[in-house]
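Inspection log for the structure reproduced underneath, given as structure tokens.
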Amino acid sequence: MPELPEVETVRRGLAPVLVGSRIAALEARRPDLRFPLPERFGERLVGQEILGLERRAKYLIAALSGGEDLVMHLGMTGRFTIVRDGGRETPGDYIHETGADPAHDHVVLHLCDGSRIVYNDPRRFGFMVMMPRTERPDHALFRGLGAEPLGIELSADYLASRAGGKKVNLKSFLMDQRMIAGLGNIYVSEALFRAGLSPNRGARSLADRHGAPTDRAMRLVPAIKQVLQQAIDAGGSTLRDYRHADGASGAFQDEFAVYDRAGLVCVRKGCGGTIRRTVHAGRASFHCPRCQR
DNA sequence: ACTGTACCCTGTAGGC
DNA sequence: TGCCTACAGGGTACAG
């Protein structure tokens, strides 16, 4: 579920509560999510102050005073909810407080001020790992990540250099976290619509035969940046599970041009085309065959 | 080296 | 009402 805008929205919601706080206790209600929780998870967290909370791609990274990073990924259905001091104690009461099924409240961080951060994840595709801060850039999770899409490193030149000669279609290329880190199924479809590019087109068409960026690559870069920024401004997209850290829904789902709109008329004035659903690498794609070539 | 498919897990929506 | 299938914002491990 959570792509870059959703993870960034969660980060902004958690940061004011987490940063500067100290961890009083850890509740791990099961030993694993997608992967086993870190060895001696509680020992390594309790007593630590959280110095900062940043995002890289779809990862949340809490910097701990002891020198380790707590790296968190929300998978498809993960969500963090802040429960303020005074919230009720029994798991069953979380349903009122977080709106999530308490059976899937897997990890609870208790902070010294009495508030709690509850991690809920029905499908358990999310995970948490810890690593020394100095080792993070070389860690397997981060080493191969591509450009951060809202950073200056995502440019037409970058796209052309990564896409040249590749046989993959544009949709799969943009979904590949080694190329661009943070896009997912929704925002790839939305960015391609804004750029007027078909998801079926070969990624290689972002570069000419000399490896220089084509006008398609030039259109794609601002399309990606704009759709992500607008989605962040709207607090992300809530389809099912995703919520802000305070339980609120995102609003960007109301602004989808193509995602999940198969069979509906294209939103572009005067187009009149019908949005089509196709499949790339097992994931649904949506595009307007008239607007997107 | 690259590309496509199966799979991890649970919940829900839709067809019969 | 049930039962069954297909599908869902993620990523990874293989086989070809």
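For clarity, every value in this text was computed on a predicted model and none was experimentally measured. Chain A is the first sequence line, chain B the second, and so forth, proteins listed ahead of strands; every chain is numbered from 1.
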Using whole Å, report how far CZ of A:R30 lies from P of B:dC9. 9 Å

Whether A:H73 contacts C:dG11 is assessed here as follows: a side-chain N or O lying under 4.0 Å from the phosphate OP1 or OP2. Is that the case? yes

Any side-chain heavy-atom pair of A:L26 and A:V108 under 4.5 Å: no

What pairs of nitrogen or oxygen atoms, one from the protein and one from nucleotides 11-14 of chain B, lie under 3.5 Å apart?
unit_1 : atom_1 : unit_2 : atom_2 : d
B:dG11 : OP1    : A:H104 : NE2    : 2.9

Can you check the A:R283 CZ to B:dG4 C1' distance for me, whole Å? 14 Å

Between A:Q48 and A:G66, is there a donor-acceptor pair closer than 3.5 Å when you use the side chain of the first and the backbone of the second? yes

Atom CZ of A:R277 to atom C1' of C:dA8: distance rounded to whole Å? 10 Å

For A:R12, what residues pass the salt bridge (charged side-chain N to carboxylate O under 4.0 Å, His left out) criterion, not counting sequence neighbours? A:E8

Would you mind reading off the distance between A:L33 atom CG and C:dG11 atom P, rounded to a whole angstrom? 16 Å

When the P atoms of C:dA6 and B:dA6 are considered, how many whole Å apart are they? 13 Å

Non-hydrogen atoms of A:G126 and A:Y119 that approach each other most closely: CA-OH, 3.6 Å

How many Å lie between CE on A:M76 and P on C:dA8, as a whole number? 8 Å

Quick test of your reading of the model: are A:D241 and A:R243 salt-bridged, counting only N-O distances below 4.0 Å? no

Which ones in residues 192-201 of chain A lie close to DNA chain B, meaning a heavy atom under 4.0 Å from one of its atoms? none

Distance-only side-chain donor-acceptor flag, A:Y242 / A:Q253, under 3.5 Å: no

Which donor-acceptor pairs under 3.5 Å do side chains of residues 273-280 of chain A form with protein atoms, sequence neighbours excluded?
unit_1 : atom_1 : unit_2 : atom_2 : d
A:H280 : ND1    : A:S285 : OG     : 2.7
A:H280 : NE2    : A:N200 : OD1    : 2.7

To the nearest Å, how far apart are A:R56 CZ and C:dG11 P? 12 Å

Pairwise P distance, B:dT5 and C:dC7 [rounded to whole Å]: 14 Å

Please list residues of residues 164-185 of chain A whose heavy atoms come under 4.0 Å from any atom in DNA chain C, ordered by number; otherwise none. A:Q177, A:G184, A:N185

Set out, line by line, the N/O atom pairs under 3.5 Å between protein and nucleotides 12-16 of chain C.
unit_1 : atom_1 : unit_2 : atom_2 : d
C:dT12 : O4'    : A:R34  : NH2    : 3.2

Using the P atom on both, measure B:dA1 against C:dG11 and round to a whole Å. 23 Å

Salt bridge (Lys or Arg N to Asp or Glu O under 4.0 Å): which pairs involve residues 123-150 of chain A, sequence neighbours left out? A:E54-A:R136, A:R55-A:E148, A:R56-A:E148, A:D69-A:R133, A:D69-A:R136

Taking all atoms of both residues into account, what is the closest heavy-atom pair of A:R293 and A:R290, and its distance? NE-O, 3.7 Å

For nucleotides 3-6 of chain C, give me every protein contact, N/O to N/O, under 3.5 Å, one pair per line with atom names.
none

Do A:D121 and A:T77 have side-chain atoms, one donor and one acceptor, less than 3.5 Å apart? yes

Nearest-Å distance, CG (A:D121) to P (B:dC9)? 13 Å

Are the ring of A:F125 and the base ring of B:dC9 both nearer than 5.5 Å at their centres and tilted by less than 30°? no

Group every Ile, Leu, Val, Met, Phe, Trp and Tyr by side-chain heavy-atom contacts under 4.5 Å, then state whether A:F41 and A:I117 land in the same group. yes

A:D32 vs A:R34, salt bridge (charged side-chain N to carboxylate O under 4.0 Å, His left out): CA-CA, chis, key distance, verdict: CA-CA 6 Å; A:D32 58 347; A:R34 176 182 185 138; over 6 Å; no

Consecutive-pair stems (at least three Watson-Crick or G-U pairs, under 3.5 Å) that include DNA chain B: B:2-8 with C:10-16, B:10-16 with C:2-8

Give a yes-or-no answer on whether the side chains of A:Q230 and A:R194 include a donor-acceptor pair shorter than 3.5 Å. yes

Donor-acceptor pairs under 3.5 angstrom involving side-chain atoms of residues 258-270 of chain A: please list them, not counting sequence neighbours.
unit_1 : atom_1 : unit_2 : atom_2 : d
A:R261 : NH1    : A:A257 : O      : 2.9
A:R261 : NH1    : A:V265 : O      : 3.2
A:R261 : NH2    : A:V265 : O      : 3.2

Say whether A:D113 and A:S115, considering side chains only, have a donor N or O and an acceptor N or O under 3.5 Å apart. yes

With A:F193, which residues qualify under ring-ring contact (aromatic ring centres under 6.0 Å, His included), at least two apart? none

When rounded to whole Å, the CZ to C1' distance for the pair A:R79 and B:dT10 reads 14 Å

Could you tell me if the side chain of A:L33 sits less than 4.5 Å from the side chain of A:H106, heavy atoms only? yes

Would you mind reporting whether A:K58 and A:Q177 have side-chain heavy atoms less than 4.5 Å apart? yes

Residue pairs passing the ring pair (Phe, Tyr, Trp, His ring centres under 6.0 Å) test with at least one member in residues 56-78 of chain A, sequence neighbours excluded, are A:Y59-A:H73, A:Y59-A:F142, A:H73-A:F127

